**Student:** 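The structure's right below; bear with me while I get my questions together.
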There are 2 protein chains.
Amino acid sequence: MPHPTFFNLPEEKRSRIEEALKDEFAARTYTQASVDRITAAAGVSKGSFYQYFVDKLDAYTHLVRGLMSARIDLAGTPPPEATFEEVLTAIVLGSHDFHRRDPRGWAVLARSLSDDAPAILDSDEALSEDIRQWTTTAIAAGQATGELRDDVDPGTAAWMIERVLLGVPHYVMARFGIAPDHAATTGSAFDQPEIAAVARDLVAMLVAALAGNGTPGRRDAGTAQGTPLGAQNSD
Amino acid sequence: MPHPTFFNLPEEKRSRIEEALKDEFAARTYTQASVDRITAAAGVSKGSFYQYFVDKLDAYTHLVRGLMSARIDLAGTPPPEATFEEVLTAIVLGSHDFHRRDPRGWAVLARSLSDDAPAILDSDEALSEDIRQWTTTAIAAGQATGELRDDVDPGTAAWMIERVLLGVPHYVMARFGIAPDHAATTGSAFDQPEIAAVARDLVAMLVAALAGNGTPGRRDAGTAQGTPLGAQNSD
DNA sequence: CAGTCATATGACTGGGGAGTCATAGGAGTC
DNA sequence: GACTCCTATGACTCCCCAGTCATATGACTG
């Protein structure tokens, strides 16, 4: 956690620092990111930086946590009675929305899942679970009602969905030739019909990937059940 | 490309160096990998290293290229008449096989797709292209025969599949806690039933994602319909 | 004014790491 | 033995980086 000093800072200065953090961690890997560059960009001395944050990791964690909760707030929590397709649609739209509003923040979150990044969300954090567990929960629920096939592991399914969704912005940008910095300014890119079509196709495929076959509870529910992310072995 | 000196080396020494490269790049990110450690492990002076390779990237590229072609050779090219499911299965099983034979090499390739790694295969190189080629071909063929749905864009579908398949190694490592260095010693990790289950689940889901619904050529076929995503985007 | 507390600062330290270079074998050739 | 390639070597240079510290500013207190 950042030191109290950081939170006592005048709003303007604090957000300048947060912007600098976002810039740096959006543009570079955690390892490659440099505190010197951050402080230079923020117009703050290095000594100050270490009066705000315990260390580089602390600053990074603060940034990522903020972005993750922003991301989650944006999406909102789907009502429990929502169908899987609705949940998925909400996630896709939320992802697009978030990317549109805060491309750099989005890049930071995307990077935060890479090998190089410290595991902020992997184990110790509650936020970790949030996004993935969200999907996992929705899938498990769908399996229970028979809406979704129950012959696949919810964790694996959740991973697959997350994996696809996280790649979408990059794919869209590459395919439709949208420059990264351009994306930052023009918020409207994702409103183009071709791009909406991509989103539609993806949701359609993901839904089909998990659709139940009309006979709830068929097949052996044993293997897949009760095996959320962490729990392995003893099959 | 490595200098000729490298290829003139006695077999034993050259492979010692290659092993050291593999060790280092399997255990660490490209940025984190250190030439000093590599030379120390290989029992070679740093000066020699730079007589073999232009620079760190050159050595890395040499390693990854070798591994990629080994990987591709192992998989072979699927026959054109293979079904989509067969192609997918072959790809996934190929990954299995490769891991069993060369866990460290497998880890290097898995890492080579991360943010941090220089883009050796992003555009000009084989592995990514290879998989996309297979999938695109298989999808086009499948859509033609009615095996696969044709209401989604083939390019988008191919991208999605590629995206999922390329992420599998990382996911498996993360989920089952296979450290790259640990993977080096326990060659049997991939034989665990849970991992086989992941592979099975993914293939099943991807096949389902693209399956035709018995009425080839129909648009608007079933599961995913009713909520065109793009339409909602009109905020 | 004197004192105290929170905040700012940037030179500095210690630790790597990539890439270089002067020097030293060693193996053939005449 | 002398000359020439090719190969080895590790100390060395330059650069960057995370984190520290002695020092300074300034506001508020009495």
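Here is how names work: the chains are called A, B, and so on, in the same order as the sequence lines, proteins then strands, and each is numbered from 1. Not measured: the values here are computed from a predicted model.
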**Student:** Are B:Arg71 and B:Asp102 ion-paired here, with the side-chain N under 4.0 Å from a carboxylate O?
**Tutor:** no
**Student:** How close or far is atom P of D:dC6 from atom OH of B:Tyr52, stated in whole angstroms?
**Tutor:**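 Rounding to the nearest Å, OH of B:Tyr52 and P of D:dC6 are 15 Å apart.
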**Student:** Under a 3.5 Å limit for both distances, which nucleotide forms a Watson-Crick or G-U wobble pair with D:dG30, could you say?
**Tutor:**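 D:dG30 is paired with C:dC1.
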**Student:** Applying a 4.0 Å non-hydrogen cut-off, can you work out what B:Phe53 is touching in the nucleic acid: base, sugar-phosphate, or nothing?
**Tutor:**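 B:Phe53: no heavy atom of the nucleic acid under 4.0 Å.
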**Student:** Quick one: does NZ or CZ of B:Lys56 land under 6.0 Å from the six-membered ring centre of B:Tyr50, within 45 degrees of the ring axis?
**Tutor:** no
**Student:** Quick one: closest heavy-atom pair of A:Glu19 and A:Arg104, and the distance?
**Tutor:** OE1-NH2, 2.6 Å
**Student:** List the residues meeting side-chain contact (heavy atoms from CB on, under 4.5 Å) with B:Arg16, not counting sequence neighbours, and say none if there are none.
**Tutor:** B:Glu12, B:Lys13, B:Val44
**Student:** Where along nucleotides 11-29 of chain D does protein come under 4.0 Å, by heavy atom, of base (B) or sugar-phosphate alone (S), with - for untouched nucleotides?
**Tutor:** ------SBBB---------
**Student:** Does the A:Lys46 side chain pair with the main chain of A:Ala40, one donor and one acceptor, at a distance under 3.5 Å?
**Tutor:**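 Such a contact is absent between A:Lys46 side chain and A:Ala40 backbone.
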**Student:** Output the rounded distance in Å from CG (B:Leu21) to P (C:dA18).
**Tutor:**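 After rounding, the gap between these two atoms is 12 Å.
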**Student:** If the cut-off is 4.0 Å, is B:Ser48 near the phosphate of D:dT9, judged by side-chain N/O to OP1 or OP2?
**Tutor:** yes
**Student:** To the nearest angstrom, how far is B:Ile17 atom CD1 from D:dT7 atom C1'?
**Tutor:**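 Atom CD1 in B:Ile17 sits about 12 Å away from atom C1' in D:dT7.
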**Student:** Parallel under 30°, tilted from 30 to 60°, perpendicular over 60°: which one fits the rings of A:Phe53 and A:His62?
**Tutor:**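 Rings of A:Phe53 and A:His62: tilted, as their planes differ by 30° to 60°.
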